[in-house]
Asks: 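Take a look at the following structure, please.
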Amino acid sequence: MPPRHFLDVDQLDSASLRRLLDMAHAMKRGGRRGPAMVRPKALEGATLLMIFEKPSMRTRVSFDLGMRQLGGEALFLSGQEIMVGKRESIEDTARVLSRYGDIILLRTVDHGTLLELARHASVPVINGLTNHSHPCQIIADLQTVEEAVGPIETAKVAWVGDCNNVATSWIHAAVRLGFELRIASPPSLQPHPDLAAWMTREGGRVTVSADPVAAVEGATCVIADTWVSIGDTDVERRMELLGPYRVDEALMARAAGNAVFLHCLPAYRGNEVTAGVIDGPQSVVFDEAENRLHAQKAILAWCLGVESV
Ligand code: CP
Ligand code: NVA
């Protein structure tokens, strides 16, 4: 059987996505060691090999602890050490690491590197963030929305700012689960033509405009992310383009009364969001950060096919 990679949300059908989300909720209910949808210590003896070519706090810590809580262990490998695709071929790296570990996680700049690694790995590969997408974040985000405002299928989600890697995974999720997603970005930072074409082909309820107020009007969930992602070099241009896309109290007031604010973190107060919003009563960003742990325990169990034990 081919390994069950977790590379992108668009690779999952709606039933698998729903199952992952239910597992994430169950993992949280189960707590650190309690029973969840898997038997305790379901990953005993398993090793996660984590290659980080970019900085990380949440992804690294939550995957490491998640493995420990499921009875397995995780090994951190710095990008400088492994030099994926530079010291030797990606294929050789994939084949060797598959002999050592049970799951490989990669955070890298180029999405193509991730796909190449997955193509040659005989164990599951997890996308720990690329320039293209951040699917682990989105499972935690969907979980957070469900906790705060109810079933994701009925949510009205507004994304304000750069249509970046996190936004791409939100678009994948919206199309697969059929919920309403309104993107507001400056024209030059809107979805890549390939992604726009995919959205049109697949259907769904995703709209794209340059108008943050129209996007947020009546939304039950408002999301922002950094204006400058890791690897972006056009900092000044972005600051200028994205100035009108700051989520402040006035913009948040256009959302539904019970709306929540999400941000994957790290956040830059005063740029994409004001301190009043991210530190205010509607913000669920620390639940969101916590949920990385629960959601990724579900992803780990799913990758190894132990979820229904
Ligand atoms: N949100 C997120 O992925 O955080 P890190 O970059 O700290 O892992
Ligand atoms: N869009 C951000 C997300 C960080 C978790 C980046 O890629 O830097």
Side-chain angles (χ1 to χ4, degrees), residues 6-9 24 48-67 74 76-79 104-114 126-145 159-173 183-186 188-192 195 221-235 237-239 241-242 245-247 261-269 271-273 278 283-300:
F6 184 78
L7 300 177
D8 260 322
V9 174
L48 170 69
L49 302 176
M50 307 190 292
I51 309 169
F52 283 87
E53 295 184 340
K54 301 196 214 178
S56 170
M57 177 174 72
R58 280 146 288 269
T59 307
R60 176 177 174 181
V61 175
S62 53
F63 264 111
D64 191 330
L65 292 177
M67 272 309 277
F76 170 79
L77 306 164
S78 91
I104 303 168
L105 174 140
L106 177 64
R107 170 170 286 201
T108 185
V109 179
D110 177 17
H111 196 70
T113 304
L114 175 84
I126 295 176
N127 177 356
L129 180 147
T130 67
N131 57 344
H132 176 64
S133 54
H134 196 4
C136 295
Q137 180 71 52
I138 263 44
I139 304 300
D141 288 6
L142 297 172
Q143 178 179 10
T144 309
V145 174
W159 175 278
V160 183
D162 180 20
C163 190
N164 61 13
N165 45 5
V166 179
T168 295
S169 292
W170 266 104
I171 291 172
H172 290 161
I183 309 271
S185 308
S188 60
L189 296 175
Q190 289 181 358
H192 185 277
L195 180 59
C221 170
V222 179
I223 317 170
D225 188 13
T226 178
W227 288 345
V228 184
S229 285
I230 308 168
D232 289 334
T233 49
D234 51 345
V235 178
R237 174 181 160 260
R238 286 170 166 275
M239 291 294 169
L241 282 172
L242 288 159
Y245 293 83
R246 176 172 301 116
V247 178
F261 173 78
L262 268 75
H263 189 308
C264 65
L265 305 178
Y268 302 91
R269 289 167 176 77
N271 283 352
E272 71 271 12
V273 61
I278 196 168
S283 172
V284 290
V285 299
F286 296 107
D287 294 328
E288 183 184 0
E290 178 192 329
N291 286 340
R292 295 293 302 279
L293 173 66
H294 311 301
Q296 288 159 191
K297 283 166 77 175
I299 292 167
L300 289 164

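Just so you know, ligand 1 is whichever comes first in the structure, and atom 1 is the first atom listed for that ligand.
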Asks: Using a strict 4.0 Å cut-off to heavy atoms of Met57, name the atoms of ligand 1 that fall inside it.
Replies: 5 (P), 7 (O), 8 (O)
Asks: When you measure from the side chain of Arg292 to the backbone N and O of Ala140, does any donor-acceptor pair fall under 3.5 Å?
Replies: no
Asks: Nearest to atom 3 (O) of ligand 1, what protein heavy atom do you find, and at what distance?
Replies: His134 NE2, 2.8 Å
Asks: Under the 3.5 angstrom rule, does the side chain of Ser185 hit a backbone N or O of Gln190 as a donor-acceptor pair?
Replies: no
Asks: Less than 4.5 Å apart, any side-chain heavy atom of Leu265 and any of Arg58?
Replies: yes
Asks: For ligand 2, note which part of Leu265 has a heavy atom under 4.0 Å away: side chain, backbone, both or neither.
Replies: backbone
Asks: Please say whether Pro266 places an N or O atom under 3.5 Å from an N or O atom belonging to ligand 1.
Replies: no
Asks: Distance alone, cut at 3.5 Å: any donor-acceptor contact between the side chains of Asp162 and Ser229?
Replies: no
Asks: To the closest 0.5 Å, what do you measure between CG (Leu262) and OG (Ser283)?
Replies: 8.0 Å
Asks: With the threshold set at under 4.0 angstrom, would you say Asp232 reaches ligand 2 through any of its heavy atoms?
Replies: no
Asks: Looking only at distances, please establish whether an N/O atom of ligand 2 is found under 3.5 Å from an N/O atom of Val228.
Replies: no
Asks: Looking at His132, is its backbone amide N or carbonyl O close enough to the side chain of Thr130 to form a donor-acceptor pair, meaning the two atoms are under 3.5 Å apart?
Replies: yes
Asks: Would you indicate which of Leu129, Thr168, Asn165 comes nearest to atom 4 (C) of ligand 2 when only heavy atoms are counted?
Replies: Leu129
Asks: Please check: side-chain N/O of Arg238 versus main-chain N/O of Trp227, any donor-acceptor pairing under 3.5 Å?
Replies: yes
Asks: Does Leu265 have a non-hydrogen atom less than 4.0 Å from ligand 1?
Replies: yes
Asks: Is it true that the side chains of Asp8 and His111 contain a donor and an acceptor less than 3.5 Å apart?
Replies: yes
Asks: How long is the span from the OG1 atom in Thr226 to the CG atom in Asp232, to the nearest 0.5 Å?
Replies: 8.0 Å
Asks: Do any N or O atoms from the side chain of Ser133 and from the backbone of Thr168 form a donor-acceptor pair under 3.5 angstrom?
Replies: no
Asks: I'd like to check whether Asp225 has a polar contact with ligand 2, where a contact means an N/O of the residue lying under 3.5 Å from an N/O of the ligand.
Replies: yes
Asks: Can you tell which part of Ile230 has a heavy atom less than 4.0 Å from ligand 2: side chain, backbone, both or neither?
Replies: both
Asks: Would you say the side-chain atoms of Arg246 pair up with the backbone N or O of Val273, donor to acceptor, closer than 3.5 Å?
Replies: no
Asks: By number and element, which atoms of ligand 1 are closer than 4.0 Å to a non-hydrogen atom of Cys264?
Replies: 1 (N)
Asks: At under 4.0 Å between heavy atoms, which part of Thr59 makes contact with ligand 2: side chain, backbone, both or neither?
Replies: neither
Asks: With a cut-off of 4.0 Å, which atoms of ligand 1 are near a heavy atom of Gln137?
Replies: 1 (N), 2 (C), 3 (O)
Asks: Which residue holds the protein heavy atom closest to atom 2 (C) of ligand 1, what is that atom called, and what is the gap in Å?
Replies: Arg292 NH1, 3.2 Å
Asks: Under 3.5 Å between some N or O of ligand 2 and some N or O of Ser229?
Replies: yes
Asks: Quick one: look at Arg107 and ligand 1, take heavy-atom pairs under 4.0 Å, and tell me if it's side chain, backbone, both or neither.
Replies: side chain
Asks: Around atom 4 (O) of ligand 1, find the nearest protein heavy atom and jot down its residue, atom name and distance.
Replies: Arg58 NE, 2.8 Å
